[in-house]
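See structure below.
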Amino acid sequence: MLQQTRVDAVIPYYQKFLETFPDVRSLARASLEKVLTSWSGLGYYSRARNLHTAAQVIVNEKNGKFPATAEGLRELAGIGDYTASAIASIAFEERVPVLDGNVHRVLTRIYALAGDPKKNPLKPKLALRALELMPSARVGDYNQAMMELGALVCLPADPKCSICPVQKFCRAFQKNEIEKYPTLQKKIIKKVFWEAALIENNGKFLLAKRNNNRHFQAMWEFPRGSVEGLQLKYRKALPAVKHSIMAQNITLTPQLYSFLDGKPVPAEPYVAFRWIQPSELGRFPTSSLNRKILATFLDFRR
Ligand code: SF4
């Protein structure tokens, strides 16, 4: 859950998730729909799908036993180098360094290493330096200390060098060149404009389930394309909703329609439909974008 998401946003989801799925077997047994519903609003839904797949592999192929090494962990869906090293070192004391954005920043500054930490030739060089620096005991504590040093002291802008415990080893500090490291590529944020149909039928709304292709796989949403088989009356455009997903800034305009007649027919990208009361939205796996759409409608109706 913590991949790409802040701790304070994760805590309530984490607690509820553990109540719903108290162990790996209950998670493996659950339907994907139930797992996605528990994840609704947290974003990056591939994490939930991967967690579910990984639980099934642990139960069905590993006899319910969680892998205890970074190498074994990397075989599970959704676990890359960073997560594998974090789990292996913190939970199982394996001597493997964790390299996240915070640690990249600390190491590139300490050694004054230019280049993109996520790419060759710097990536393997940093991994080697990180391993050389590791103590032989309390490796989980050490990795957490390095991540905290980056998160709390060696900040991207205005690092707190005056209180930094490694200041005397820091080449970037000595050369007064801190702002040069790390060399990061600018993230390109795309602006996109979407529409969604809010189709009202006696106080209920049409919700559509996406297929397993591309984005929002198997999630439910207010339809964002045309739905075959329906006769509708267009009412009006509601105020636009703003939302950010990964590298996209979305402006979505909900279009309000009244249902007249017909039956929605499954067609790409939708495989199923339901008419739901506004209060039922939370029972379906949906992204928070759909909650914002509904909130806009409820505001408009007031
Ligand atoms: Fe970061 Fe400053 Fe510490 Fe160097 S001295 S590691 S730049 S906080």
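Order of listing sets the numbers, starting from 1, for every ligand and every atom in it. In this text the structure is predicted, and so the values were computed from the model without any measurement. Residues take their numbers from the sequence shown, with the count starting at 1.
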R301: what forms a side chain to side chain donor-acceptor pair (under 3.5 Å) with it, not counting sequence neighbours? none
So, at under 2.8 Å, which protein N, O or S atoms would a careful student list around atom 1 (Fe) of ligand 1? C154 SG
My understanding is that only residues two or more places apart in sequence, or in another chain, count here; which of them pass side chain to side chain donor-acceptor pair (under 3.5 Å) with K119? Q185
Is R74 reaching over with its side chain to a backbone N or O of A84, donor-acceptor style, under 3.5 angstrom? no
Could you check if a side-chain atom of F259 sits within less than 4.5 angstrom of a side-chain atom of K204, using non-hydrogen atoms only? no
What pairs with E228 under side chain to side chain donor-acceptor pair (under 3.5 Å), at least two apart in sequence or on another chain? none
Any R49 side-chain heavy atom under 4.5 Å of N212 side chain: no
